[in-house]
Each structure stands twice: as structure tokens, then as C-alpha cells.
Enquirer: 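Have a look at this one before I ask anything.
Positions are given from 1, in the same order as the sequence printed here.
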Amino acid sequence: MLVLPAHESQAAERKARKAVLKKVSASAQEAGEFANFSQWREVAPFIDKMVEQHQFEREEIRAALANVRFVEKAVQLVRPAPPGKPKNWQAYRARFVEPTRIQYGVDFWDRHADDLARAQEQYGVPAEIIVGIIGVETSYGRNTGNFRVMDALATLAFAYPQTPNRAARMDYFRGELENVLLYAREERIDPFALLGSYAGAIGWPQFMPGSIRRYAIDFDGDRHIDLRGSPVDAIGSVANFLLEHGWTPGEPTAFPAAVTASDSWSDFLKQGLQALNHVDELAAAGVTPLTSLPTDLLYGLVDLQNGGEATEYWLGTNNFFAITKYNRSYFYAMSVIELGKSVRVARGK
């Protein structure tokens, strides 16, 4: 809510806030409209936190928030998709595993072969997985986003749309707004110079600010972490992220499987993003691997729905689920795996 004179009622305050939001015209939606976030009542505790916990100057934070723009497009893009449209793995895959992106991947791998080999040696993450992630995320730096990160994060931190998880999501984005200000101070850069996705993800690998501060590394040795300008930092940071999220060097990722007509295996789809089951447990419930696979590993059953066509089933290892920590989606993880593999095959090396 906006801070208004004390004699005005809460109803008037809500009305004033709505009026500010409505000022975002269709022609200015992507660029955003000034909303003077520093005067929003729920922003006051955020300012206090930045001053008390991180020793920012109060006027410095207020001035920064006064320059933030409200971005209606970010609000629209985080709304849940309308119900009823069936998931389609093959349609999703076709967006990422396609000839142009594969060729971009070949060029990227050829240009950074030494850096990818060094990351694989140091972190145990295969080059093709790193190549797959950067390719799916930004088509090798071509689509890193044109939203000012400060605008996107502040909008979602204080004006997230009405959804069942609104409070939790606002807390998350307030944390990311805090992190982007800290990151900018640590790297001595202007936070308003940071461009990214509508949700505030930054650079070649699309790290959120909190992930930059926790997992990104200076892999090119210039004493700065720069995921926007340094693909080498991006390579090392992706590898470090996966290792920190459970990647096990030397293990595979996923194997195709078939299931019986009964649904005795359906409970395996409700175990979350983790590999918990032995091969014999899965087999007893009607899940059969279509290729030979290590019997000493744990697996999770993965379903890739294909709209009106038959669902594909896979057995994901610990490393498959490590990829889902980057983006909590089976479709995403499998696209990373298949794009990376396609690029490796296209290189012919």
C-alpha cells in the first residue's frame, strides 16, 4: 500500500494504490512506469532491513527504490497458466533441441572447449550438460533478457499477483531484491545496469541474484563474477551450481522405461524431485527399463506427457534430479540432456 496522509482511510489508501498500478499504459508496459516504491508502506521494513543488517545508507536505498519502475508485464508473466491445456513434451523439446540452437551449441563448445574441459575436470559435470543448460537458458547468450532487474524484482516483491502462494513468492522476490543490491555493492556496479528476465534472472546462465552470490564463481580469473559478460564465468558457475545441488561425478542421468497397463507404479510419480528407488522395487510395480542400466543406483520415475499421444517414461538418476534444482521441471531437465547430447554428436569429436 502507498503511504498516504494519516487522516485518509485504508479504503482510500487501497484505491490510491490501484490508481498507481493502472497508470501503466500499454505502450509503457515493458519499460515500466514510475511508481515511487520508496513510499509504499510495505517497503518500509525492507528499507529497515537493508540499513540495519547490511549497513546501507537509508537515503541511498530510498533513492534507489524511488527510481524503480513498476513492470506490469512481469506481473502478467508470473501468473499461472490457464488450466486445461495438456502438457506436451515433444512440443517443448522442439523449442530447444532444434538445428539452429544445436549449431550455436557447436560454435560455443568449439570456442570454449578448454574451459568446458577444465570445468568438467574440476567439478565432475560433463561439458555436454553445461552446454545444454546454457543453450536452453539463453541460446548461448543471445536471449539474456531486457528487463531492468531492479524493476522486475521490486515489482514482484511488492506487487505480486493474487495467487494461492502470493505471500511466499513475495518473500522470495524480496530476498532476491536484497541480494541484487548486495551483489551490486560487492561487485561495485550500478544495480540499474543489470538487465535480465522478467523474474530477475541474470546473464548467460540466468542465475537469480541469490544464486549468483551463493554459487557463481570467477572462472576466468579476472577477480570479478560477471555472468553477463563472461561466458567462462558462466561455464564454471553452472558446474559449481550442479555440484552444490547433488551432482555425482561419473554417474549417468536417465534411461528410457516402460510401464504396465495397471497403475501400481503411480505412487512413484509422487515422490518429488529425487531418486529414491531401487531397480527391483520399480520392476515389482511394473516399471521396466528399455536399456541396460546400473543396478547399484537409485532412480525416480519420470513421466513426460505428450498431450493426446502416449506418455514417455524414464528412470532418472540422482544427476537427473540435480538438473531439476536449476529448474523444477522434468521437461527442462530432459531438454538440457538432449540438447547437450545433440551438440556433442553434431561436433563429431
Side-chain angles (χ1 to χ4, degrees), residues 87 89-90 92-98 101-102 105 108-109 112 116 119-140 143 197 199 201-208 210-212 214-217 219 227 231 234-257 268-269 271-277 289 291 293-294 297-305 312-345:
K87 295 180 179 180
W89 154 239
Q90 289 300 329
Y92 184 98
R93 180 188 186 279
R95 292 166 49 197
F96 301 106
V97 187
E98 49 84 25
R101 200 174 301 238
I102 291 169
F108 177 82
W109 196 331
H112 297 289
L116 288 161
Q120 181 168 327
E121 175 67 24
Q122 187 168 336
Y123 296 98
V125 179
E128 68 185 72
I129 296 297
I130 302 171
V131 168
I133 284 181
I134 296 175
V136 168
E137 288 292 339
T138 62
S139 193
Y140 308 100
N143 304 312
S197 75
I202 297 169
W204 288 65
Q206 293 289 276
F207 273 27
M208 295 297 288
S211 288
I212 293 177
R214 285 189 292 272
Y215 307 113
I217 61 170
F219 203 52
L227 301 187
I235 287 168
S237 297
V238 168
N240 185 54
F241 180 97
L242 290 176
L243 186 65
E244 291 289 331
H245 284 83
W247 185 273
T248 304
E251 289 189 2
T253 53
F255 298 89
F268 291 120
L269 296 173
Q271 297 180 148
L273 301 175
Q274 50 191 337
L276 297 176
N277 307 112
T291 61
L293 74 172
L297 299 181
L298 296 177
Y299 298 90
L301 183 61
V302 172
D303 60 331
L304 303 179
Q305 299 170 37
E312 291 183 28
Y313 293 94
W314 291 73
L315 292 173
T317 67
N318 174 73
N319 283 349
F320 177 90
F321 291 104
I323 300 171
T324 67
K325 302 304 187 296
Y326 207 106
N327 182 311
R328 299 176 65 83
S329 162
Y330 291 165
F331 284 12
Y332 175 87
M334 193 60 70
S335 290
V336 164
I337 293 166
E338 295 207 357
L339 176 60
K341 184 184 302 183
S342 296
V343 172
R344 173 174 54 78
V345 170

Enquirer: If you define the side chain from C-beta out and look only at heavy atoms, does anything of I134 sit under 4.5 Å from T138?
Expert: yes

Enquirer: With a 6.0 Å cut-off (strictly less than), is the heavy-atom count around CD of E121, excluding the residue itself, greater than 12?
Expert: no

Enquirer: Between the side chains of Y332 and E137, does any donor sit under 3.5 Å from an acceptor?
Expert: yes

Enquirer: Hey, what do you get for CD (E98) to CD1 (I102), rounding to the nearest 0.5 Å?
Expert: 7.0 Å

Enquirer: Can you tell if the side chain of S211 reaches within under 4.5 Å of the side chain of Y326, non-hydrogen atoms only?
Expert: no

Enquirer: Going through the distances and angles, do Y92 and L304 end up as a side-chain contact (heavy atoms from CB on, under 4.5 Å)?
Expert: CA-CA 10 Å; Y92 184 98; L304 303 179; over 6 Å; no

Enquirer: Flag the pair I337 / I129 as yes when at least one side-chain heavy-atom distance between them is below 4.5 Å, and no otherwise.
Expert: yes

Enquirer: Taking atom OG of S237 and atom CD1 of I133, what is their separation to the nearest 0.5 Å?
Expert: 11.5 Å

Enquirer: Does a donor on one side chain and an acceptor on the other come within less than 3.5 Å for E312 and Q90?
Expert: yes

Enquirer: For residues Y123 and G236, report the shortest heavy-atom separation together with the two atoms involved.
Expert: CE1-O, 4.2 Å

Enquirer: Do the ring planes of H112 and W204 sit parallel (below 30°), tilted (30 to 60°) or perpendicular (above 60°)?
Expert: perpendicular

Enquirer: Should the pair E338-R93 be classified as a salt bridge under the 4.0 Å nitrogen-to-oxygen rule?
Expert: yes

Enquirer: Are the side chains of L116 and I130 in touch, meaning some heavy atoms are under 4.5 Å apart?
Expert: yes

Enquirer: Main chain of G135, side chain of S139: is a donor-acceptor contact present, judged purely on distance under 3.5 Å?
Expert: no

Enquirer: Looking at every heavy atom in both V97 and L339, which two are closest together, and how far apart are they?
Expert: CG2-N, 3.8 Å

Enquirer: Would you say Y140's side chain and V131's backbone share a donor-acceptor pair under 3.5 angstrom?
Expert: yes

Enquirer: With a 3.5 Å distance limit and no angle check, can you tell me whether K325 reaches the backbone of L273 through a side-chain donor-acceptor pair?
Expert: yes

Enquirer: Show, in sequence, the C-alpha distance, side-chain angles and deciding distance for I202 and F207, and conclude whether the side-chain contact (heavy atoms from CB on, under 4.5 Å) test is met.
Expert: CA-CA 5 Å; I202 297 169; F207 273 27; 5.6 Å; no

Enquirer: Could you measure the distance from the CG atom of L297 to the CG atom of L315? Nearest 0.5 Å is fine.
Expert: 11.0 Å

Enquirer: Do other residues, nucleotides or ligands put more than 12 heavy atoms under 6.0 Å from the NZ atom of K341?
Expert: no

Enquirer: Considering only distance and modelled atom types, tabulate donor-acceptor pairs under 3.5 Å from the side chains of residues 241-255, sequence neighbours left out.
Expert:
| residue | atom | partner | partner atom | Å |
| --- | --- | --- | --- | --- |
| H245 | ND1 | F241 | O | 2.8 |
| W247 | NE1 | G124 | O | 3.0 |
| T248 | OG1 | N318 | ND2 | 3.0 |

Enquirer: Measure the shortest side-chain to side-chain distance between F320 and Y330 over non-hydrogen atoms and say whether it is less than 4.5 angstrom.
Expert: yes

Enquirer: If you take all heavy atoms of F96 and S335, which pair is closest and at what distance?
Expert: CD1-OG, 4.2 Å

